[in-house]
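As structure tokens, the structure follows; a few thoughts come after it.
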Amino acid sequence: MVQSAVRAVAPGGVEPARESEERLERCRAGDQRAWRDLYDVHAPRLFRFIARLGVPRTDAPDVLQETFVVAFRRLGEFQPDRSAFGTWLFGIALRVARNHKRASLRARLKLLAVSLIGRAPVADPEQHAESSATARELSWILQRMPEKQREVFILYEIEGVEGAAIARIVGCPEGTARSRLRLARAQFERLREAYERGGGP
Amino acid sequence: MSTTESWPRRLVDTAGSPERRSARERRTEELLRAEGPALDPHTREAVYRAAAHAALSDDRMPLWPPLAAAAAVLLAFAATVWWTRAGDDVGPMARVAAISGTAEVRGRDGWTAVDDARAVQLPARVRVAAESTASVALARGADVRLEPGTDLWVHEGGVTLARGAAVHRVAPGRGAYDVELGAYRAVVLGTRFWTARDEHGASVCVMEGVVEVRRREETLATLRAGEGWRSGASAPPFRSSLPCAPRPVARAGAAEDPPPAPPRAAHAAPSPPAEATAPARRARPSAPREAPPASATETASRCDDQPDPESCLRALADRDGLVAEVALYRLGRRRARAGDHSAALDAWLEHSRRFPRGVLAEEVHLAILDAQLATGSPEALATADRFLTAHPASTQRGEVHAVGATLRHRAGDCAGALAQYDAAIAATLAARRREEALYGRASCLDTLRRRDEAAAAYRLYLEAHPEGRFAARARARVERDVVPP
């Protein structure tokens with residue numbers, strides 16, 4: 001049931017999953033069962049989103065957990081008339097992932113600097129551990145996109161989020177988001193060709 | 001660009017007919033619809049519980065009525081009494097104990113260092129540093145020992161191994177115990193076994209009892225004592241052969257290690273750090289120590305109680321099979337502990353000749369390197385090179401590259417040393433070893449008169465280790481004769 005709920009919105013959906021108002025009400029009232037249902041519907045897709053943003057796979061559960069901690073605490077602040085619940089969750093996940101990456105960046109800066117001096121950056125093997133060759137290729141491409149372009153590209157082309165919602169999620173004007181998408185698409189094609197020429201793992 | 005402008009059509013336009021798309025468009029669709037990493041059920045459960053627990057206990061939530069607070073106090077008191085009486089049967093809690101080195105537990109405020117034994121709420125995430133170990137006592141008499149560098153989630157019914165290796169002890173008759181290993185799952189009912197997970201896959205080795213390895217609902221192998229399994233191996237379960245310890249991911253416990261060699265005399269810069277030539281002793285993987293079936297290990301252990309352990313081990317070494325392997329390895333260790341590195345080397349070289357593909361082959365190879373370094377043997381560099389060829393999947397390659405780099409550097413082969421310093425730095429390396437490699441690399445560049453790169457490398461070292469062991473030398477180099485920043 002969880003999978004079908006996710007799939008129903010992923011391919012052609014214009015916005016991330018809309019939550020039933022009734023379930024949200026029960027969540028606000030502290031109904032644990034409703035919380036669990038809410039989690040089951042949204043967690044798998046959010047997990048993939050977080051991993052695609054470049055969070056190492058071993059850290060992705062922590063980022064997911066933090067996303068839901070924030071969501072559970074701030075459920076009272078969610079306004080259904082402003083955005084779909086899924087959009088709101090994507091926004092939280094994006095901010096938590098950014099913070100996480102910033103923190104881990106500080107820790108890894110020195111090693112990265114070593115890479116920049118003499119060699120190409122060392123890829124995290126776990127980020128290429130997905131099961132299929134296609135998933136590996138996509139991961140390879142996404143990890144090489146500039147972060148802001150990557151965020152918009154994932155939301156629009158992979159998650160199928162509607163344009164205005166993307167601007168709200170990433171926190172920029174809609175025109176800027178559209179411009180990032182244009183650049184991201186060009187970058188996607190370049191990286192794809194590079195991968196096909198044998199630049200991939 | 002106006003915000004009223006419409007967004008472009010998606011690369012995968014679901015409105016279009018699949019038949020009318022070009023091959024490239026179909027490939028794009030396949031790419032963008034590729035399945036990403038999936039959240040396994042145990043991790044999902046653990047994350048949910050932790051998130052719900054953290055959110056519930058947050059003070060921004062609606063205030064609990066005073067009655068609930070009083071009930072919570074009573075409940076906590078009852079739980080304390082119950083905890084005290086329950087001993088190791090810790091219910092929804094677990095106890096982190098037997099900590100050697102640095103252990104951390106992840107809570108709502110991030111990672112917290114744990115110095116002494118303490119109870120943690122399940123599910124919990126626990127990790128130990130590269131040279132540390134810890135144990136976690138779970139409910140129903142199970143306990144799990146974390147090998148160095150391990151990171152895992154602990155649930156009521158088992159653990160999810162994120163990275164590293166762990167030894168599990170499960171009391172029989174007290175419910176199932178599962179170990180999630182990525183796509184694989186080890187299911188047990190009462191046993192003692194070892195699991196590992198790294199970027200190459202997962203491994204299981206059983207010491208007592210029976211363990212089932214599953215992928216989703218399919219049972220891939222049923223393992224009994226002495227049998228091992230690793231992902232990717234299509235062969236049926238083996239007995240006492242290499243896959244029992246396919247890719248050791250951790251180091252030996254300090255208790256059984258010989259005492260570290262005294263540091264060698266310091267060399268003046270730009271020589272490599274002197275301490276860097278004794279890493280194999282600390283680089284020894286611990287997994288093979290756990291890997292052999294209990295019977296061989298126990299047989300060899302009995303020699304410790306004999307009046308002449310040396311003769312006892314020698315007699316066992318003259319047999320065949322795993323007992324002989326373990327006995328030869330222990331014989332070497334015993335001699336090394338007594339300071340007789342030449343005799344230790346004899347035992348390990350014999351092991352190497354007789355069991356080139358044995359369970360302890362990697363361990364023994366490192367021991368030989370260790371002994372050669374201790375005796376200043378000129379063979380050490382060749383041994384290090386042979387190790388890198390013979391053990392391409394070893395997690396100790398970084399350490400051995402560091403040894404090779406240092407030896408080459410000392411021999412004046414800075415070009416060869418540089419490549420190995422790079423390989424060492426790129427690998428998983430202990431903090432101390434990384435520091436040595438960073439300094440050694442800078443020093444080597446300096447020797448090669450690649451001044452700009454040397455200056456950058458020294459600065460990098462200083463940035464990483466402003467108070468490091470070679471900081472004064474590095475600073476002097478930067479300030480004196482290399483190009484200023």
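Residue numbers begin at 1 in each chain, while the letters A, B, ... track the order of the sequences.
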task = Over all heavy atoms of both residues, which pair between A:R185 and B:L11 is shortest? Give the atoms and the distance, please.
result =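 Scanning both residues completely, I find the closest heavy atoms to be NH2-N, 3.4 Å.
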Shortest non-hydrogen separation from A:I158 to B:R33 and the atoms involved =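 Looks like O-NH1, 3.3 Å.
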key: Contacts of type side-chain hydrogen bond (donor to acceptor under 3.5 Å, both in side chains), residue A:D62, not counting sequence neighbours   = B:R106, B:R125
message = Please check: side-chain N/O of B:E30 versus main-chain N/O of A:T134, any donor-acceptor pairing under 3.5 Å?
response = no
ask   = Would you say A:Y156's side chain and B:P8's backbone share a donor-acceptor pair under 3.5 angstrom?
value = yes
request  = Side chain from CB out, backbone as N, CA, C, O: work out which of these in B:R24 comes under 4.5 Å of a heavy atom of chain A, or both, or neither.
outcome  = both
request  = For B:W7 and A:E162, test the side chains for any donor-to-acceptor distance below 3.5 angstrom and give the result as yes or no.
outcome  =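 The criterion, which ignores hydrogens and geometry beyond distance, is not satisfied for A:E162 and B:W7.
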message = Does anything in residues 46-65 of chain A form a ring pair (Phe, Tyr, Trp, His ring centres under 6.0 Å)? List the pairs, not counting sequence neighbours.
response = A:F49-A:F90
ask   = Are B:V47 and A:Y39 close enough that some pair of their side-chain heavy atoms sits under 4.5 Å apart?
value =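 B:V47 reaches A:Y39 side chain to side chain.
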query = Does a side-chain heavy-atom distance below 4.5 Å link B:Y48 with A:L64?
reply = no
request  = Please look at A:I141 and chain B and tell me whether the side chain, the backbone, both or neither of the residue comes under 4.5 angstrom of a heavy atom of that chain.
outcome  =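 For A:I141, the side chain is the part near chain B, not the backbone.
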message = Before you tell me yes or no, could you show the steps for A:E137 and B:R27 under salt bridge (charged side-chain N to carboxylate O under 4.0 Å, His left out), namely the whole-Å CA-CA distance, both residues' side-chain angles and the distance that decides it to 0.1 Å?
response = CA-CA 11 Å; A:E137 181 179 344; B:R27 176 63 185 149; 2.5 Å; yes
